[in-house]
Amino acid sequence: MMISRGLFGWSPPHIQPLTPVSEVSEPPESPSPYLDNSEAVPVEDESGNEEAEEIEPPPAAVPFSGLFACADGFDWFLMVVGSLAAAAHGTALVVYLHYFGKVIHFLDLQQPSRDPQELYHRFTEHALYIIYIASGVFAAGWIEVSCWILTGERQTAVIRSKYVQVLLNQDMSFFDTYGNNGDIVSQVLSDVLLIQSALSEKVGNYIHNMATFFSGLVVGLVNCWQIALITLATGPFIVAAGGISNVFLHRLAENIQDAYAEAASIAEQAVSYVRTLYAFTNETLAKYSYATSLQATLRYGILISLVQGLGLGFTYGLAICSCALQLWVGRFLITQGRANGGEIVIALFAVILSGLGLNQAATNFYSFEQGRIAAYRLYEMISRSTSSVNQDGNILASVQGNIEFRNVYFSYLSRPEIPILSGFYLTVPARKTVALVGRNGSGKSSIIPLMERFYDPTLGEVLLDGENIKSLKLDWLRSQIGLVTQEPALLSLSIRDNIAYGRSNVTSDQIEEAAKTAHVHTFISSLEKGYETQVGRAGFPLTEAQKIKLSVARAVLSNPSILLLDEVTGGLDFEAERVVQEALDILMLGRSTIIIARRLSLIRNADYIAVMEEGRLVEMGTHDELLALDGLYAELLRCEEAAKLPKRTPIRNYKEIATFQIEKDSSASHSVQEPSSPRMAKSPSLQRMPGTQAFRSSDGTFSSQESPKVLSPPSEQMLENGVALDAAEKAPSIKRQDSFEMRLPELPKLDVHPGHRQASNSSDPESPISPLLTSDPKNERSHSKTFSRPLSQFDDMPVKQKEPKDTQHQKPPSFWRLAELSFAEWLYAVLGSTGAAIFGSFNPLLAYVIALIVTEYYKPNQGANLTEYSKPNQGANLRHEVDKWSLIIACMGIVTVVANFLQHFYFGIMGEKMTERVRRMMFSAMLRNEVGWFDEEENSADNLSMHLANDATFVRAAFSNRLSIFIQDTAAVFVAVLIGMLLEWRLALVALATLPILIVSAIAQKLWLAGFSRGIQEMHRKASLVLEDAVRNIYTVVAFCAGNKVMELYRFQLGKIFSQSLIHGVAIGFAFGFSQFLLFACNALLLWYTSISVKNGYLDLPTAIKEYMVFSFATFALVEPFGLAPYILKRRKSLISVFEIIDRIPKIDPDDNSGLKPPNVYGSIDLKNVDFCYPTRPEVMVLRNFSLKVSGGQTVAVVGVSGSGKSTIISLIERFYDPVSGQLLLDGRDLKLYNLRWLRSHLGLVQQEPIIFSTTIRENIIYARHNATEAEMKEAARIANAHHFISSLPHGYDTHVGMRGVDLTPGQKQRVAIARVVLKNAPILLLDEASSSIESESSRVVQEALDTLIMGNKTTILIAHRAAMMRHVDNIVVLNCGRIVEQGTHDSLVAMNGLYVRLMQPHFGKGLRQHRLV
C-alpha cells in the first residue's frame, strides 16, 4: 500500500509530495530516483553546500521571523490558512494508513458464520472513507499551494519595491562603487527568488511534513506502542547508515568540484584564446591536457558511486531487516492478545512515515538558510541611508544663469586617491556659452556631475546666481538644468515617454513642439506607431543621431535655464552632425551653456573657451585669443588637425570602440571574460556602430538597423591628444569625470570578448587570438584524422547565424545514439542492471511476504481467540510460519545491500565514463571549428565552458540514470503483475487500468515539485529590465528627477505579475490537489473491486488482502519513473546542444589531410581583390576589393585608422576566416590548398596584447615548440630581451605567471610572447605592434626585441602605430575604410603629407598611450 514504499525509504511521490528526493540532485547523481530517506537530505545538501561555499564565506542572516518582515494582516491570514491546509494535507496519509489497518483487520471476519454481504458492506464503507480522505487532500492541497504562492508573491513584491525605492535614492558614489551595469538589479532578482522560495513553497512543505511526523508518531503509539517504540529504536541505525555515507559523499563532491575546476580552466583558456591556440597549432596539446585533467574527476566520480551504492544499500537493507524484526515481535503480541495484525501494520508504517516526514522537513532547512542570508543582504540595502543629499532647500524666484566654480577640489569616492579637480575656478556668465576642453583626464567631464549635484566637491563651492547649490532644493535645481549627453540614455518606453521623461504634466502638443524644435518630429511621424513606438533595449533601433535628437527634445521640453552638453555630436557623420548642431543652436539661445568638447572644431563659436589641464583651469578666452596665446589650446588643435582622418560613415562608437579595441583588445582577450559579453560583441553594432549601443545595449538589436550606415568606422574623431575623443568620454557623459576611467573596466569586457574576437578582428589586432605560439609541427600531425572533411565546405560561407537557429528544431538524439556512447561499458551495464532488477523486484515481493505474515496473524483461532483448550500446535504453527517469513525478509535485506551496490556502483562507473567521454568529444569538436564560430554569442567561452561542465552530465542522466531506473521499475511492475495474476487475474487487470491515471498524477506532481515560482520568474525578469534600464542610465534618471516614474513603472509591472501569479497559483494548487486526489481515489477503486471479487467468490478474503497490499505497494513503483519525465524533457535541450557541437562540420577544416605541405616556403603573400566581412556582422564590409602584394623576405608595415581592417589582414593570412570573395596566395598558391595546420606552423604571430597562459614562463615560451631544448628556449628569451628579467625572478623560468599572466607587466608579457615567436622560427612573421600600451621603459626594450625580430630575412607584415618602426620597413601601406589609400616608403609618404603623416604624428601615439594606461 502506499505507505509501504516508505519502508524502503522510497517514499512514493505522494507520500511526500514536496520532496525533492526523487529529483535526484540535478543531474541525478544516482540512478535511483528514490533516494532513501536518510539520503534525501543529503542529496539536496550536496548541491546546496557547494553552492553555499561558492557564494558566501560565512554569511550573515536574518532570524527566521525576519523573512516575514514585510507581511501585512492579509498575508498573515493567508499564511495561517495555508498552514492549516498544509497540516491537514500532511496528516491525510496517516489517516489513510489508519483505515488501511482497519481493512487488514477484516481478516478477523473470516469465520464461515459471517455474512459475506456484511463483509462487502464493510469494504465499500472503507472505500468511501478513502474517497473522503481523497477529497480532503484535494481541498487541502489546493488551499495550501494557493495561499502560500499568493502570500509569497505579495510579500516579495513589497521587498522588491522597497529595494528599488532605496536603490533609486542612492548617491551616485554608490553606483560608482557597485557598478551601474545591472548587477545590483540581477542580485535583487536572485535574492528575492530565494526569499520567495523559502517563504512560499518551503514553509508550506515544512509544515506539511512536520504534520506527517507528529500524526504518524501519535497514530503509531496509539495503535501499538510496543511496535512503535521498536521502530523508533531501529531508526537511528538506518539514519546512521545514510548519514555516514553522506559525510563521505560531501567530501567527495567537493573534491570532484575542485578536480573538474582544473579541467574547466584548461578548456576555458583554450576556448578564450582559441586564436593563439590555432596560430600555434596546439589543439592536440589542449585536448591532451583536458583529457588528462578529466581523469581525476573520473576517479572521484567512481568513488562517489561506490559510497552511494554502499550507503543506499545499508540504509535500505537495515530498513528491511528492521521491518522483519517488528513483524517477528508482532507474533508475541498476537499470541498474548495485546494487539491485532491491523494495529501492528499501522504502528509499523505510521512510525516509518513519520520518520520520512521528519527527514523531508529537514530538506527545507537549506532553503530557509539561503532565504535568511538573501533577506539579510536585501534588508541591509533597504536600511541603507538613502542619498545624503538634503532634499529640502531654497528655490530661487528667477534664475539668471550665472554659474561659478570656486576653488573646487574633487575626487570620486570610489577612487579617492586620484584627484580630479584641484583648485578649479570657472565663471559662466548668464546666457553665455562656455566650452571646456582639455586632454583626457584633465577633469572636464566632472563638471557636469558637480553641476547636477550627483557629487559634491571635496572642497570649494559651486554657485548658481551667487547661491551655493548645496542650499538649493535638489529636485528644483535639476529641473533647471537640461542635460544632453554623448550617449543619450533611452529607456525601454515609448518615444513619447522618453521625451517627457521625468515630467508628469505635459501635453502631446508640447511634446510634438519639442520634437519639432529638435528636428525629430518628421522622423517620428514617419514611424508606424509614431510617438507610441517603443524604443530602448528591446524596442525600435534608432541611429545615434536620432537618439541625440530625442535627448535634445527632452531637454527642450524641460525648458531649462542652464544647459549642459557633453560633446554631443562627436560620433555622428557630417550630415547628422549638421542637423543635430542646428537643433542644439536653437536650444542654446538665451541659456547659460557649458559644453564639454572633445572636438575643437565644433566650439569655435562658443563665447568663451576654457582649457583645463590636470584639474585646473589653465587658459580661457575666445578661439582667436587662445590661438594667439599659442598655449595648450593651440597644441590640442594641432593634434586634432593631425588626427583628422577622412571621415568614415557613421559612428562614433565604432570608432571608439575601435580605438579602444585596438588597444584593449587583447587584453580583453585575455580577460576571462572574453566571451562574456558576447552579445555585444558580436553585434554588428559593436563594431561599426554608434557607440552607445554597442556598449550599452546588450542586445544587438540595434545593430542591424544601424549598420547600413555604418559601414565604416567613423572617422576617428580624435581630439585631445589624439585620443579618440569619444572613446573616452563615452559614457553618458555625465558619467563622471573621466568617464573614461570609470568606464574602462567595462570596455574591455565588452568588447573584448567575442566581440573582440570578432570585432576586433576587424578593427584591430586581433589579439585575443594570439596565435602566438605554435606547437611542434611534428606532433601536430597526429591529430585525429577521423574527422577529416572535404574541402568543399569552405566554399559556402553563409551567414553563420542561421545555422544554430535551425538546430533548434533538431530532434533530441535517439536512445540508440546514447547507447552507442556507452557500448564500451556493456559489462558494467549488465552488472548494474542485475542489481537494479533484483532491487526493483523486492518491492512487490516484500509487500507479498508482509501480507503473508499478516494473514498468518489472523489464521483462525489465533491471538485473542486462542482459548486455553485450543491446540498448542496452532501457536507453534504461527510461530513457525512467522519465523520463516521474517527470516526471509531479513535475507532480502542482506541481498538488498548487494543489489544496491551493484546497481549504483556499476551504473555510476558507466555514467562517469560516459560523461568523461562526452566531454572529450565536445572539447575536440569545439577545437575543430573555425574562429568565426567562436565569435557567435552562443559560442562565447563562458557558454562553451558551461556546456562542457553541465551538458555532458545530462547525457549521462538521460542514459545511464534513466536505464537504471527503468530496469528497476520494470522488474517491480513485472513481479507485481506476476504475483497479481497468480493470485487473481481480474484484480490485477483493474490495478493495471488505474496505472495511466496514476502516471498523469505523478507527472503533475513532479511539475509542481519543480517549484511554484518558475512560471513567474520570466515575468520578474521583464520587470527587472525596467530597473536595469534605470540603473544603467542612472545619471539620466537622476538628472531628470525621474525616480518616481521608474518606481511607478516597476510597480505597474509588479501588479501585472501579481494578477498572473494569482491565477497561476490557483491553477497549480488545483492541479496539485487533483493529482493527490487521484492517488487516493485509485486506491479506493482497487479496494472496492477487491470487495466485489470477494462477494462474487472469485477469491477468498486472505488472498484479496494480499493482492490489495501488493498492488498498493506496487502502483507507486510503476508511477515513479514517469515522475521523472519533466526532468528528462527539461534536459532534452542540453542533449541537443551536445550533439550539435559534436556533429558540426567546420567551414575551415583543420583535420583535412589532403592539403599541400610543401617542403619549403619562400614567403611571398598576395591578397587579390579580397572582400571580407565578419560572419557575425555580414552587413559591415571590412575589406573591399583589397589587393596587397608582399614579396618573400620583405617587411611591409600596415598603418591606418582604427577599424580600417589592419588586423583583419592578419586574421585572413592565418585563415581564422576565409574571404567572402577574392584570393589569398602564398607562394603563388591559394591558401585554401594548403593543409591548415601546416600553414599555421609556418606563420609566427605576435599580438598586440600578448596572450599568456596561466602556467609557468617556461611553458609559455615552449608553447611554440614543445621539443625545444633549454638552450634554445633561453636563446629565444635573450633575443626577445626577456632573459634578463626572467632570470632575476626567484624561480626564473619556472615562475608561475598567475591567472592570464596577471603577475607580469604588459612589457614583460610582450617580451615572453616575442620569445615564443622567436622560438617558433617561422618563415613568415605577423606582428601586431602594441608597444603603445606599455610604459616607456619597457616600450624601449620591447621595441628593440621587435627590431631584432624584423631584421631577419623573414617575410614580415607589421601593423604599426609608431613612426619609429617605419624606418626599418621596405614598404608602408596606409589603410582607410578597408582600402589602401597611400603606399610607399617612409620618406615618400612623409613627402606626400597625407593621411600617413597625420596618423604618425607623435601626439597621436602619445594619445593612444594615455588611453591605454588609464
Side-chain angles (χ1 to χ4, degrees), residues 1-8 10 12 34 100 103-104 106-107 110 123 316 319-320 323-324 327 341 345 348-349 834-859 881-882 884-893 895-896 899 966-996 998-999 1082-1083 1085-1094 1096-1121:
M1 37 65 63
M2 328 190 155
I3 319 150
S4 48
R5 206 131 172 209
L7 194 65
F8 306 104
W10 308 320
Y34 324 121
F100 181 80
V103 170
I104 291 176
F106 290 165
L107 286 169
Q110 61 190 333
F123 263 115
Y316 289 149
I320 293 174
C323 184
L327 292 168
V345 174
L348 173 60
F349 289 123
T834 311
I838 295 172
F839 185 52
S841 61
F842 276 10
N843 176 329
L845 281 175
L846 185 66
Y848 183 62
V849 176
I850 291 176
L852 284 173
I853 294 180
V854 171
T855 48
E856 275 306 319
Y857 287 164
Y858 281 103
K859 279 279 169 64
E881 290 293 309
V882 173
K884 177 177 78 179
W885 293 116
S886 299
L887 195 61
I888 288 175
I889 293 180
C891 294
M892 288 168 75
V895 178
T896 298
F966 176 74
I967 290 172
Q968 182 178 319
D969 288 316
T970 311
V973 174
F974 178 73
V975 176
V977 173
L978 190 67
I979 295 174
M981 291 296 186
L982 292 175
L983 292 173
E984 162 57 18
W985 61 271
R986 295 181 186 84
L987 195 53
L989 290 179
V990 172
L992 277 177
T994 61
L995 193 58
L998 293 172
I999 289 167
C1082 289
N1083 196 276
L1085 172 70
L1086 194 60
L1087 185 60
W1088 172 77
Y1089 189 74
T1090 307
S1091 67
I1092 297 276
S1093 308
V1094 175
N1096 295 340
Y1098 299 141
L1099 74 177
D1100 61 1
L1101 187 59
T1103 316
I1105 298 286
K1106 285 175 202 164
E1107 193 146 7
Y1108 175 59
M1109 284 180 76
V1110 171
F1111 280 114
S1112 291
F1113 259 67
T1115 40
F1116 298 108
L1118 311 193
V1119 164
E1120 187 72 42

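Looking at Phe123 and Leu1087, their side chains come closer than 4.5 Å, going by heavy atoms from C-beta outward. Put simply, the side chain of Leu1086 does not reach to within 4.5 Å of the side chain of Thr994, judged on heavy atoms. Annotation: side chain of Leu1101 is not in contact with side chain of Thr855 (no heavy-atom distance under 4.5 Å). Considering only heavy atoms from C-beta on, Val882 stays 4.5 Å or farther from Leu327 through its side chain. No side-chain heavy atom of Ile1105 sits less than 4.5 Å from a side-chain heavy atom of Tyr1108. Side chains of Asp1100 and Val1094 form no contact here, defined as non-hydrogen atoms less than 4.5 Å apart.
Of all the heavy atoms in Ile979 and Pro844, the pair that sits closest is CD1-O, 4.0 Å. Closest of all the heavy-atom pairs between Ala1104 and Thr1090 is CB-CG2, 3.5 Å. Considering every non-hydrogen atom in both Cys323 and Ile850, the closest pair reads SG-CD1, 3.9 Å. Of all non-hydrogen atoms in Glu1107 and Gly980, the two that sit nearest each other are OE2-O, 3.0 Å. Closest approach of Ala324 to Ala890, counting heavy atoms only: CB-N, 3.8 Å. Contact detail for Leu1099 and Ser1093: the closest heavy-atom pair is CD2-CB, 3.1 Å.
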How far apart are the C-alpha atoms of Tyr848 and Met1109, what are their side-chain angles, what is the distance that settles it, and do they pass the side chain to side chain contact (heavy atoms under 4.5 Å, CB included) test? CA-CA 7 Å; Tyr848 183 62; Met1109 284 180 76; over 6 Å; no
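Rounded to the nearest 0.5 Å, atoms CD1 (Ile967) and CD1 (Ile838) are 12.0 Å apart. Here the CD atom belonging to Glu984 is positioned 9.0 Å from the CG atom belonging to Leu989, to the nearest 0.5 angstrom.
A cation-pi contact, defined as under 6.0 Å to the ring centre and within 45° of the axis, is absent between Arg986 and Tyr1089.
Distance alone, capped at 3.5 Å, places no donor-acceptor pair between the Tyr857 side chain and the Leu852 backbone.
Aromatic ring centroids of Phe842 and Tyr316 lie 6.0 Å or more apart.
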